[in-house]
K.L.:
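Quick one: structure below, then a few questions.
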Amino acid sequence: MTDKLLLLGDQAIALGAVHSGLSGVYAYPGTPSTEITEYIQENKLARERGVRSDWCTNEKTAMEAALGMSYIGKRALVCMKHVGMNVAADAFVNSAMTGVNGGIVVVAADDPSMHSSQNEQDSRFYGKFALVPILEPSSQQEAYDMIRYGFDLSEEVGLPVLMRITTRMAHSRAVVTVGEPIAENPLHFPEAGVANWVLLPVNARRRYREIIAVQDKLEKMSETTRFNSYKKGGKKGVIACGIGYNYMMENLPADSDRTILKVSQYPLPADIIREMVEECDEVLVIEDGQPFVEEQVRGLLDCSGKIRGRLSGELPRDGELTPDNVAAALGVKEGQHFDVCSTVVPRPPALCAGCGHRDVYSVLNEVIREYPDHKVFSDIGCYTLGALPPLRAIHTCVDMGASITMAKGAADGGLFPSVAVIGDSTFTHSGITGLLDAVNSKSNVTIIISDNLTTAMTGGQDSAGTGRIEAICLGVGVEPEHVRTVVPLPKNMEEIRKVIKEEIEYNGVSVIVPRRECIQTLKRKSRK
Amino acid sequence: MKKDIILAGVGGQGILSIAAIIGQAALNQNLHIKQAEVHGMSQRGGDVQSNLRISAEPINSDLIALGKADAIISLEPMEALRYLPYLSKEGWIVVNSVPHINIPNYPEESALEAEFAKLPNVISFDADAVAKENGGVRTVNMVLLGAASMILGIEDTKLEEAIGDVFGRKGEAVVETNVKAFRAGREAGKKQMER
């Protein structure tokens with residue numbers, strides 16, 4: 001049976017994984033990766049098979065759970081946005097050190113141009129760092145096909161495989177021809193025994209040498225894989241990676257005689273590139289994200305001067321690829337178009353009308369105005385929008401969970417009042433350990449856990465600590481009289497004002513939990 | 001057959017349903033499709049757009065290049081103009097004339113009208129009013145799709161079929177309401193075009 005479906009890149013990956021005999025997907029929501037797990041949660045076959053697909057507390061717990069599933073022989077998928085790779089990095093890098101049994105594919109969704117992110121880091125560096133194969137599909141069809149290939153590859157070489165996508169692959173739909181699903185792996189253990197799983201130095205040293213030894217094989221695979229292709233032509237060459245290939249094809253005339261290397265699998269096929277650079281006068285590298293390939297090919301000293309791309313200025317150093325900037329890099333003449341319309345003004349995103357975070361911020365602003373030296377450390381989520389006018393309520397947003405620890409550091413240094421604002425899902429993702437630090441050193445911080453009972457920013461996924469936020473704070477050691485719960489509604493403003501004031505004045509760790517359901521999830525429920 | 005379309009609006013207005021229906025209609029006709037969307041932070045009341053490409057031949061880029069869009073379909077006037085550099089010089093704008101004002105510095109309506117007056121091919125009408133009379137306020141996007149249907153290069157019967165495919169899960173009544181709004185939009189669009 002083959003079927004044609006209109007799928008987002010994320011959905012193609014999800015369905016490809018289910019059809020590859022997936023036994024579990026482990027993920028924390030993050031744009032642009034969220035729809036992979038959501039699709040598996042709704043997929044009929046995955047449900048029938050009981051494929052495990054609940055959201056994880058964070059990307060590190062996700063990566064580790066997948067590794068556990070792999071050890072017993074089953075296939076596991078791990079999904080996250082690029083910055084999630086930082087959280088999962090310890091487990092990810094060491095999963096290569098132990099090696100895998102059942103296949104693991106880790107999908108990292110990068111967000112060049114930062115549509116919904118705080119940086120542009122390129123996950124391919126993590127793949128190289130961990131010495132594992134990297135897949136970078138150029139189309140939704142390839143994304144579907146490559147997932148099964150990735151699981152097979154992972155089991156063949158005994159390493160996790162990193163699939164790197166970018167926003168335009170994740171969130172673009174295309175027609176995908178899908179095939180027959182295969183069965184899940186049975187529970188089984190590796191024949192060679194399980195010593196690899198204990199990364200004592202004696203084992204780790206051996207494993208590291210084994211991983212280094214397999215690199216030549218991985219490179220040869222990148223030369224012969226059907227996902228990379230090399231077309232010899234004239235003296236002008238292009239290395240086009242992932243969706244960069246599409247932008248090139250969009251712009252090249254049908255009779256173009258450029259020498260073209262399409263790269264969708266790494267490590268880079270060095271022999272082909274060596275030949276290409278020898279034969280060509282110039283090689284343009286088209287890659288979305290950071291100049292990962294360009295840097296490797298040109299080397300620090302750029303002896304040939306032939307390698308062009310983001311570092312040499314043919315393509316912009318930052319921001320995503322577009323058909324237009326790739327056209328310019330290829331020397332295609334710009335066509336006529338209308339100018340930017342000067343009447344149009346920006347329309348930034350904002351907190352929804354009726355959102356509980358709004359009430360929290362407006363009352364916090366009122367109280368804190370009395371303290372001229374105050375700083376409010378905030379975090380990653382919808383409530384980050386509190387930085388924008390008219391609220392202008394927060395002063396930081398760095399990484400998941402950083403609000404609590406930064407408030408602690410500032411309080412330790414003498415700031416008063418030092419306030420943290422964090423959401424419920426971000427708190428359980430990475431805030432609990434920071435709260436323990438604050439409790440242990442009796443830091444003078446006021447922590448507001450603005451609880452909307454969901455992971456709202458990414459569309460309302462389950463939040464790991466729902467119903468247990470106060471219990472967690474008490475368990476970590478916050479004094480019971482300084483764990484305060486309020487309901488952020490206009491009619492309760494006076495009470496909340498009083499609570500915030502009291503807890504700021506308390507010299508120690510206090511937690512205020514304003515709790516009201518996200519109005520988007522509430523609307524969705526009432527529609528059902 | 002090849003059409004490049006930019007769908008524009010404000011987060012929550014329903015451009016993705018328009019995209020889903022055009023996409024489904026194209027799929028039913030075995031056409032190639034690429035449709036890039038915006039998810040995440042940008043959705044929260046901010047400007048949103050979707051690049052929709054349909055073609056009988058395989059499509060490479062997920063994004064439309066500057067000056068190449070055959071049409072901009074926008075649920076709101078200012079958002080139509082935001083993507084003007086992408087519109088081909090012969091391209092069409094199909095726009096709901098009712099502004100969505102959620103920012104303090106939204107331009108004067110007369111300033112927007114002056115911009116539209118400079119353009120050769122504009123279908124602008126009060127889609128909210130047409131929706132209210134026909135399928136209800138939540139069908140504004142179907143009204144606009146109806147108005148745009150003449151320039152999409154897809155037969156309206158195929159689009160109506162796709163409305164059935166996309167809304168079918170929600171029941172026959174929902175499909176009928178949306179088809180009604182679509183047809184009313186098509187009539188409104190025709191009138192505008194004949195002017």
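Order of the sequence lines fixes the chain letters, A, B, ..., with proteins taken first and strands second; residue numbering starts at 1 for each chain.
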K.L.:
Measure the OG-CG distance between A/S172 and B/N51 for me, rounded to the nearest 0.5 Å.
P.N.:
8.5 Å
K.L.:
Which one of B/H32, B/R53, B/E108 has the most heavy-atom pairs closer than 4.5 Å to chain A?
P.N.:
B/R53
K.L.:
Tell me, yes or no, whether the heavy-atom count around B/Q192 atom CD, taken from other residues, nucleotides or ligands under 6.0 Å, exceeds 12.
P.N.:
yes
K.L.:
Kindly say whether A/H171 contributes a backbone atom to a donor-acceptor pair with the side chain of B/E37 at under 3.5 angstrom?
P.N.:
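It does not hold such a pair.
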K.L.:
Looking at A/V175 and B/I33, what are the two nearest heavy atoms and their distance?
P.N.:
CG2-CD1, 3.8 Å
K.L.:
Would you say A/D339 has more than 12 foreign heavy atoms packed within less than 6.0 Å of its CG?
P.N.:
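Atom CG in A/D339 is not crowded, with 12 or fewer foreign heavy atoms closer than 6.0 Å.
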K.L.:
Do you know which of A/H337, A/E250, A/Q336, A/R347 has the most heavy-atom pairs under 4.5 Å to chain B?
P.N.:
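Sorted descending by pairs with chain B, the first entry is A/R347.
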K.L.:
Could you list the residues that satisfy side-chain hydrogen bond (donor to acceptor under 3.5 Å, both in side chains) with A/S138, not counting sequence neighbours?
P.N.:
A/E142
K.L.:
Please classify the contact between A/P348 and chain B as side chain, backbone, both or neither, with a heavy-atom cut-off of under 4.5 Å.
P.N.:
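Its backbone and side chain both get close to chain B.
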K.L.:
Under 4.5 Å heavy-atom distance to chain B, tell me which part of A/L351 shows up: side chain, backbone, both or neither.
P.N.:
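A/L351 has no heavy atom closer than 4.5 Å to chain B.
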K.L.:
Please walk me through it: do A/K4 and B/N30 pass side-chain contact (heavy atoms from CB on, under 4.5 Å)?
P.N.:
CA-CA 9 Å; A/K4 279 187 168 189; B/N30 266 322; 3.8 Å; yes
K.L.:
Taking all non-hydrogen atoms of both residues into account, name the closest pair between A/Y247 and B/L63 and its distance.
P.N.:
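Smallest interatomic distance, heavy atoms only, reads OH-CD1, 3.5 Å.
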K.L.:
Supply the atom-to-atom distance A/R173 CZ to B/S50 OG, rounded to the nearest 0.5 angstrom.
P.N.:
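Interatomic distance, A/R173 CZ to B/S50 OG, rounded to 0.5 Å: 8.0 Å.
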K.L.:
Quick check for you: among A/E334, A/E35, A/M169, which has the greatest number of heavy-atom pairs under 4.5 Å with chain B?
P.N.:
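Sorted descending by pairs with chain B, the first entry is A/E35.
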K.L.:
For chain A, find its close neighbours in residues 64-89 of chain B: heavy-atom separation under 4.5 Å, sorted by number, or none.
P.N.:
B/I64, B/A65, B/L66, B/G67, B/E76, B/M78, B/E79, B/L81, B/R82, B/L84, B/P85, B/Y86, B/L87, B/S88, B/K89
K.L.:
Would you mind checking which part of B/L52 comes under 4.5 Å of any heavy atom in chain A, side chain (CB onward), backbone (N, CA, C, O), both or neither?
P.N.:
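B/L52 has no heavy atom closer than 4.5 Å to chain A.
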K.L.:
Which heavy atom of A/T343 sits nearest to which heavy atom of B/A111, and what is that distance?
P.N.:
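The pair with the smallest heavy-atom distance is CG2-CB, 3.9 Å.
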